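Taking it in order: structure first as structure tokens, then the write-up.
In listed order, ligands and their atoms are each counted from 1. Bear in mind the structure is a predicted one, so any value in this text is a computation, not a measurement.
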Amino acid sequence: MTHAPHPAIAAGAHPFPHLHLLGLSALKPWEMLFLLDEAEQWVEFNRRPKNLGEAKHDNRLAGLTQINAFFENSTRTLLSFEIAGKRLGADVVNLGVSGSSVKKGETLLDTALTLNAMHPDLIVIRHGSSGAVQLIAEKLDCPVLNAGDGRHEHPTQALLDALTIRRRKGRIEGLTVAICGDILHSRVARSNFQLLGSLGAKVRAVAPPTLLPTNIDALGVDCFTNMDDGLAGADVVMMLRLQTERMDGAYVPSTREYFRFYGLTEARLRHAAPDVLVMHPGPMNRGVEIDGRIADDITRSAVTEQVEMGVAVRMACLDVLTRTRRGAKDWPPLLPSRHQEGPLSLLPSRLREGPGVGEPAPSPDAIGQAR
Ligand code: CP
């Protein structure tokens, strides 16, 4: 699948004038589309059968060191960033919080400065605190990719979701996408609101009142507390897990009750469009937010395809973010500022205010204590 350059890029706009990928709120729609278009080539590349003698290996990142520093658990994101880096030829090393000196009391910022002193060319960071990745990025001399920070953003997840939708449906603009479940604690929802909304989808937030941010009306999405109403006519249904690790109290009476009113069942899915696409970023809790039979029905469910798109999207991001450093041919120069994304406090207020919607920017001390 090939795409013509967006008119803004054809007219001379820089395709991606950012040192880091910290969130989608800082990106223009054509910059998002540029990353999606770049990812297409890697989907085909990754599908190459090995028996044709074409190894899934491209050397454009050869000699570059990529550190994946994950201070929170991950299966999909960590592995796909590692596979993506290796397929592009980078030297990839992983740092997990359980094996790091963070466990011995080292602050996060000291850990970041330690990583920086090893002259990496790219750092991928996941952290449990909203804003932590941006604060770390300000201390580092190389591109930083946000692999999920607290309840704030998970940009590569939203990009892989958008790529999945675009490939399955042929477009994003005009589609009705219902994002259902624990919106309050979800960085995936936040990034998808930004991305899918910017690309012209009609986005719905569907959740019990306790799992909706208080300022949901300011997020530019249509809000539903009744699941059947929220699913009515939807082209895409994206289910979210109850993120109990980020909850500080009881938000639902029980998982059984939750499934009864908000679980995706066959009966409920009949309210959606006949050709509805079902998605889930994972990890899934079968029988809590989704009936396992729907998740496994590959005619409707794109769950494993989302994982596949994740490798392609991350290859595209690693490639694009290292082009300046690699002196890639025909890649326009970046602006000299290395803090182009701006502090978290400058994010649109709709992403900052209210419980669960981009928590207040943590101070360096607070981040230092976050271990
Ligand atoms: N979707 C997602 O971020 O999954 P992991 O937590 O397994 O990386």
Side-chain angles (χ1 to χ4, degrees), residues 21-24 35-36 39 66-86 92-100 122-133 144-165 177 179-196 236-247 264 277-286 288-290 292 295-296 301-318 356 358 370:
L21 180 60
L22 302 179
L24 295 172
L35 292 177
L36 298 184
Q66 172 188 333
I67 297 178
N68 299 327
F70 275 58
F71 300 97
E72 200 186 61
N73 291 345
S74 169
T75 298
R76 281 149 285 269
T77 313
L78 175 60
L79 274 182
S80 60
F81 265 117
E82 180 170 4
I83 290 168
K86 286 181 171 168
V92 184
V93 285
N94 294 332
L95 174 73
V97 67
S98 60
S100 76
L122 193 71
I123 301 191
V124 181
I125 303 172
R126 169 170 285 195
H127 198 277
S129 296
S130 306
V133 177
V144 172
L145 278 129
N146 180 0
D149 62 326
R151 308 188 240 177
H152 177 224
E153 281 235 36
H154 194 349
T156 56
Q157 177 68 45
L159 285 163
L160 75 87
D161 291 336
L163 186 64
T164 306
I165 293 171
V177 181
I179 303 181
C180 312
D182 185 358
I183 307 280
L184 179 63
H185 300 101
S186 176
R187 56 196 177 209
V188 174
R190 202 95 48 243
S191 288
N192 266 304
F193 291 163
Q194 294 279 359
L195 195 158
L196 296 174
V236 179
V237 174
M238 191 182 294
M239 299 307 299
L240 301 173
R241 175 178 69 90
L242 285 176
Q243 292 166 65
T244 49
E245 73 276 20
R246 281 189 256 285
M247 293 183 184
L264 189 64
L277 183 67
V278 176
M279 302 176 72
H280 195 307
M284 267 190 300
N285 289 139
R286 292 164 184 261
V288 178
E289 71 271 7
I290 188 166
D296 294 336
S301 164
V303 172
T304 52
E305 200 173 319
Q306 287 172 266
V307 177
E308 181 190 8
M309 295 305 125
V311 178
V313 156
R314 285 158 186 144
M315 290 174 84
C317 293
L318 296 176

message = Could you measure the distance from the OG1 atom of Thr304 to the CE atom of Met309? Nearest 0.5 Å is fine.
response = 9.5 Å
ask   = Rounded to the nearest 0.5 Å, what separation is found between the CZ atom of Phe71 and the OG atom of Ser129?
value = 11.0 Å
request  = For atom CG of Asn73, decide whether the heavy atoms of other residues, nucleotides or ligands shown that lie under 6.0 angstrom number more than 12.
outcome  = no
inquiry  = Whether the side chain of Ser191 engages the backbone of His154 through a donor-acceptor N/O pair (distance < 3.5 Å, no angle test) should be reported.
reply    = yes
message = With a 4.0 Å heavy-atom cut-off, what residues sit around ligand 1?
response = Ser74, Thr75, Arg76, Thr77, Arg126, His154, Gln157, Pro281, Gly282
query = Within a strict 4.5 Å, meaning less than it, do heavy atoms of the Leu240 and Ile183 side chains meet?
reply = yes
ask   = At what distance, to the nearest 0.5 angstrom, does CZ of Arg126 lie from CD of Glu72?
value = 5.5 Å
